[in-house]
Amino acid sequence: MHKKENIVMNKSKAFAIRIIKLYKYLCDTKNEYVLSKQILRSGTSIGANIKEAQSGQSRKDFKSKIYIAYKEASETEYWLELLHESDILEDNLFESLYNDNYEILSLLISITKTLNKESKK
């Protein structure tokens, strides 16, 4: 069976893998264990909620999980900013991760807007 490509799922999974590697880097290289745990949780939760949305029991359930994924991506943005502004995360790594997260946020906003338009019909 050939599954239709899901861009937001693919991007969020690739991002989660980057976040896992970031977590290892922060723990092993920077000896940072508190913020790294926070970003690990929120950064991997984005894709988990998108995956869960795909198995939603209803349109309302799907929408709820997509919104939770959006909130997790927003939280991840905050942790990235904190790590960067506290000089734990270097500029180039921050910008790369921040841009990937922003792209996912934008996709989730677009999905949410589409769902809201459809529900008003």
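Here the side chains of Glu32 and Val34 are in contact, with some heavy-atom distance below 4.5 Å. Counting only heavy atoms from C-beta outward, the side chains of Leu82 and Ile39 never approach each other to under 4.5 Å. Using a 4.5 Å heavy-atom threshold, the side chains of Gln54 and Asn6 count as touching. Within the 4.5 Å cutoff, no side-chain heavy atoms of Tyr78 are placed close to those of Gln38. Put simply, the side chain of Ile66 does not reach to within 4.5 Å of the side chain of Lys63, judged on heavy atoms.
Between the side chains of Ser45 and Asn49, a donor-acceptor pair is found at a separation under 3.5 Å.
Within 6.0 Å of OH in Tyr70 there are 12 or fewer heavy atoms belonging to other residues, nucleotides or ligands.
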Expected list for residues 100-109: side-chain donor-acceptor pairs under 3.5 angstrom, two or more places apart:
unit_1: Asp100; atom_1: OD2; unit_2: Arg18; atom_2: NH1; d: 2.5
unit_1: Asn101; atom_1: ND2; unit_2: Ala73; atom_2: O; d: 2.9
unit_1: Glu103; atom_1: OE2; unit_2: Lys11; atom_2: NZ; d: 2.8
unit_1: Ser106; atom_1: OG; unit_2: Tyr102; atom_2: O; d: 3.0

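In the hydrophobic clustering of ILVMFWY residues, with side-chain heavy atoms under 4.5 Å counting as a link, Leu115 and Ile46 come out together. When hydrophobic clusters are built by joining Ile, Leu, Val, Met, Phe, Trp and Tyr residues whose side-chain heavy atoms come closer than 4.5 Å, directly or via intermediates, Ile7 is grouped together with Met9. Linking Ile, Leu, Val, Met, Phe, Trp and Tyr residues whenever their side-chain heavy atoms come within less than 4.5 Å places Leu35 and Tyr98 in a single cluster. One hydrophobic cluster, built from ILVMFWY side chains closer than 4.5 Å, holds both Val8 and Phe62.
For Glu75, the side chain to side chain donor-acceptor pair (under 3.5 Å) partners at least two apart in sequence or on another chain are Arg41, Trp79. Remark: Lys30 engages Glu90 in a side chain to side chain donor-acceptor pair (under 3.5 Å) (not counting sequence neighbours). Partners of Tyr67 under the side chain to side chain donor-acceptor pair (under 3.5 Å) rule, at least two apart in sequence or in another chain, do not exist in this structure. For Thr44, there are no side chain to side chain donor-acceptor pair (under 3.5 Å) partners at least two apart in sequence or on another chain. Shown here are the ring pair (Phe, Tyr, Trp, His ring centres under 6.0 Å) partners of Tyr25, two or more places apart in sequence or in another chain: there are none.
Considering CD1 of Ile111 and CG of Asn116, their distance stands at 12.0 Å, rounded to 0.5 Å. Between Ser42 atom OG and Lys71 atom NZ the span is 13.0 Å, to the nearest 0.5 Å. A distance of 10.0 Å separates CG of Leu40 from NZ of Lys24, quoted to the nearest 0.5 Å.
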